[in-house]
Amino acid sequence: MDPLRQSPSPSSSEASSPRTLSCERLGYVGIEAVLDQLKIKAMKMGFEFNIMVVGQSGLGKSTMVNTLFKSKIWKSTMPGLRVPMPQTLQLHSMTHVIEENGVKLKLTVTDTPGFGDQINNDKCWDPILGYINEQYERYLQEEILITRQRHIPDTRVHCCIYFVPPTGHCLRPLDLEFLQRLCRAVNVVPVIARADSLTIEEREAFRHRIQDDLKTHSIEVYPQKCFDEDVNDKILNSKIRERIPFAVVGADREHMVNGRCVLGRKTKWGIIEVENMAHCEFPLLRDLLIRSHLQDLKDITHNVHYENYRIIRLKESHALPRGPGWVDLAPAPSPAPGPAPTGTRASPGPAKVCRWAEDNSDEDF
Amino acid sequence: MASEVARHLLFQSHITTKTAHTSSQVSDHEQKQKESPRSLTMSGHVGFESLPDQLVNRSIQQGFCFNILCVGETGIGKSTLIDTLFNTNFEDHESSHFYPHVRLKAQTYELQESNVRLKLTIVNTVGFGDQINKEESYQPIVDYIDAQFEAYLQEELKIKRSLFNYHDSRVHVCLYFISPTGHSLKTLDLLTMKSLDSKVNIIPVIAKADAISKTELQKFKIKLMSELVSNGVQIYHFPTDDETIAKINASMNGHLPFAVVGSMDEVKVGNKMVKARQYPWGIVQVENENHCDFVKLREMLICTNMEDLRDQTHTRHYELYRRRKLEEMGFMDVGPENQPLSLQETYEAKRHEFYGERQRKEEEMKQLFVQRVKEKEAILKEAERELQAKFEHLKRVHQEEKLRLEEKRRLLEEEIIAFSKKKATSEIYQNQTFMTPGSNLRKDKDRKKEPGYRLELLCFDVRACETIGGRKDAEEGREGPRAPGRP
């Protein structure tokens, strides 16, 4: 350990104001060493992160994921070789362990091919909601066991990136429906996909229109305003909120530009650099998701969305009909990604939003 | 290309088996095991190495919580040691030796060092070892620890809970103060530690270590550890699984139990002011490693293992308590036919049972109530009837009385009339006799006796004659014609 800690020294600690007694602290105790202990513990345990990408096919979801994590997580599908479009929405999950500088991250990416691709897209969000709720259910079942595991494996979706097609007009009904339903169950980050088909001005206009649409329909995307804890958070998050949805371009090929090797898309009229802020807002998305708000995403999922699910799930059994011959115990929700039951449970009315807000309204620290 | 397609197809089919959902956990676990070894190399800097920092930032925002329980006899130096450990004067007064029972006193303080906020709760046992009969000494401590676990469990089982806001009051470490006799553990100490070792992390310390010499101290430590081991007391050993701190922890484990000296008084040694205790024969410096193990204790307790202590409390002691408590209440993980039974289902079954029980009880109470009401009503009706009967009876009696009285009155009135008639006739008769004066001898006698009276009587008589005459006339009028014979 640090040898400097052995000797007492007039420290720079501030005099504290505890609740019961006003003590004056002299000298060094070593409380802040607990931060190092935390770090050691975290590095040993590793981190988990689960992300879901939702959008119509051809918007560049797989490419985006590859670009985000700079590795070939998905084989991006080329048109000719693709298997025939699935008739119903299926969810594909892949788990990878990536490591950087001693920090291990277990990344799970869930893709949703077939979303919004059919002629009749009614209730196409149900399988997705079903999947999300199924993860919550799994965690809940683990949590209420008598003999629990030391560390419950966390498969809950921490973040859902929603790809908005770059029409340039406004959000489509499908987008609105989906966002409305999903933002109550999971953290949603909308992005404008394939933004290289829009000019800068078109992007701004589109962005503003989307923001207005979101406000009109009271869709709270991440970072949610009601979870800002203190002033610093508010400032930081407001800046982010101004730029949501990010206009992103994904690319996993490298090209030479001015002697540097950059990721980008090569077109006849130029090379669109992915990591250039002037070209697209991919760096913002990456910073938000990974560098600054990853822990926050996990926290909100655990403290708010999961708790909401738990409340509803535990209260459901109260609402079951109870007659003299009642023996039917509350079954676990049907696991298959199916229509109505999961849909109705996962898309409640405004009551859930209020509870959501009041759950995390005051964190006085 | 074809192989790519084939691989892709294989890939997809492999994945879709995962999404074909099974609710049994075993197969999921297997699938996960199949998935997890897949590791990936990145071709550039992504940036999630800042994750531990993000975690740390969040913890700083939330603040830390640490609860220490100090068990030891009164006057052994618990408060002083805590003051010295945290470099603060927490509390002033000494506690008395005359408490009849062992009580626990908990106080919470907020300390801050650079940007780390610590909510420290110190729980002291008051009156431990003071009683003459010490059988009940350790029970309050066990109860207190259980109560904190219970509070957390209750919060965790609530439907609408707020665990991230919850002020964790579970005891993270128990500093057990052993008095420096130099011989061995006292029976009370052994019993208390034995009852606490499965509930809390115990770190034994030898208090007031300046009362023992170095050689005695070595022997004492060896004796203590061997006694603890032979009696099966599980004390807390510093973790040695992480390489960065394994070595130092292992060496510290060999120094257990720490012999400590606590003092907040400062004494000048050389040209510095240090915390020490001054004796005529020398100065015992608290932070001198040659003098006592205080620095080691502070190092281990706060700087190196605070997080591990909290972790152990949560994952081992609390889980044990929770499991025991839930099993006590009748919940199980595995049902009668070895089918995995979820807590939810058992809970539902139990609740259904309780509900049925409650319904039944409600019915019973209702029945009872109705019956009682009926009885009461019957009684009241009975009473009413009786009253009515009485009333009737009384009325009848009254009527009879009335009739009788009427009868009597009538008779009396008749008598009165008869009497007045008689009186009238007798007076007529009297008058007639008075017209022939000599006849009424009795009256003469009376007259002779009382002359005044006689005069009066004469007058009376005259007058009486007149009136009587009047009346007599009337009567004669009536009788007169009768006397000679009616015409």
Side-chain angles (χ1 to χ4, degrees), chain A residues 1 5-6 8 13-14 16 18-21 23 25-27 29-35 37-44 47 69-71 81 91-93 95-98 100-101 103 105 134 141 144-148 150 290-291 294-295 303 311 314-315 317 326 329-330 332 335-336 365, chain B residues 5 15 18-19 21 23 35-36 38-40 42-44 46-52 54-56 58-59 61-64 86-90 107-114 116 118 159-160 164 242 244 287 295 302-303 306-307 315 319 323 326-327 331 333 342-345 348-349 352:
Chain A
M1 283 266 108
R5 287 210 191 100
Q6 304 281 346
S13 60
E14 309 143 39
S16 66
R19 286 207 195 106
T20 55
L21 217 53
C23 321
R25 284 210 12 180
L26 339 130
V29 174
I31 300 179
E32 56 183 1
V34 73
L35 300 178
Q37 298 171 31
L38 263 185
K39 267 196 203 158
I40 293 174
K41 188 172 95 165
M43 307 264 281
K44 196 165 66 158
F47 293 87
F69 294 99
K70 287 210 168 61
S71 25
L81 305 168
L91 289 110
H92 297 172
S93 277
T95 309
H96 295 277
V97 174
I98 42 184
E100 189 176 74
N101 275 353
V103 178
L105 177 67
E134 176 198 311
Q141 291 301 327
I144 60 181
L145 278 182
I146 305 276
T147 323
R148 315 198 267 211
R150 199 183 172 93
I290 301 175
R291 292 192 189 164
L294 200 148
Q295 189 60 42
N303 291 337
I311 292 176
L314 291 182
K315 271 204 182 143
S317 28
W326 182 61
L329 304 173
F365 281 117
Chain B
V5 176
I15 301 278
K18 184 178 177 194
T19 56
H21 177 74
S23 57
E35 303 272 350
S36 47
R38 192 195 308 267
S39 75
L40 217 52
M42 300 177 307
S43 54
V46 176
F48 58 83
E49 58 181 356
S50 63
L51 272 178
Q54 291 181 31
L55 192 63
V56 163
R58 180 194 62 152
S59 305
Q61 246 185 352
Q62 272 182 345
F64 292 91
F86 290 99
N87 251 327
T88 323
N89 280 317
F90 284 121
Q107 273 166 323
T108 311
Y109 307 96
E110 267 197 27
L111 304 174
Q112 181 158 359
E113 189 173 81
S114 50
V116 178
L118 180 69
I159 290 191
K160 192 167 176 192
F164 51 87
D242 184 46
T244 45
E287 283 171 341
V295 176
I302 302 175
C303 306
M306 196 196 285
E307 191 55 35
T315 52
E319 287 295 317
R323 186 165 49 231
L326 290 179
E327 277 174 3
F331 293 107
D333 269 342
S342 80
L343 187 68
Q344 181 77 6
E345 285 176 9
E348 288 301 318
H352 179 56

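Order of the sequence lines sets the chain letters (A, B, ...), proteins ahead of strands, with each chain counted from 1.
- A:Leu294 and B:Gln54 get closest at one heavy-atom pair: N-OE1, 3.1 Å.
- Among residues two or more places apart in sequence or in another chain, the side-chain hydrogen bond (donor to acceptor under 3.5 Å, both in side chains) test is passed with A:Lys41 by B:Glu307.
- Panel note: side chain B:Glu319, backbone A:Thr147; no donor-acceptor pair is recorded below 3.5 Å.
- Side-chain atoms of A:Gln295 never come within 3.5 Å of backbone atoms of B:Leu51 as a donor-acceptor pair (strictly under, hydrogens ignored).
- The heavy-atom pair separating A:Ala33 from B:Cys303 by the smallest distance is CB-O, 3.3 Å.
- Here B:Arg58 pairs with A:Asp299 under the side-chain hydrogen bond (donor to acceptor under 3.5 Å, both in side chains) rule; sequence neighbours left out.
- Both the backbone and the side chain of A:Ile290 come within contact range of chain B, with heavy atoms under 4.5 Å apart.
- In this structure, chain A has a heavy atom under 4.5 Å from the side chain of B:Leu118, while its backbone stays farther away.
- Heavy-atom minimum distance, A:Arg291 versus B:Ser50: O-OG, 3.2 Å.
- With rounding to the nearest 0.5 Å, the separation of CG in B:Leu55 from CE in A:Met43 is 11.5 Å.
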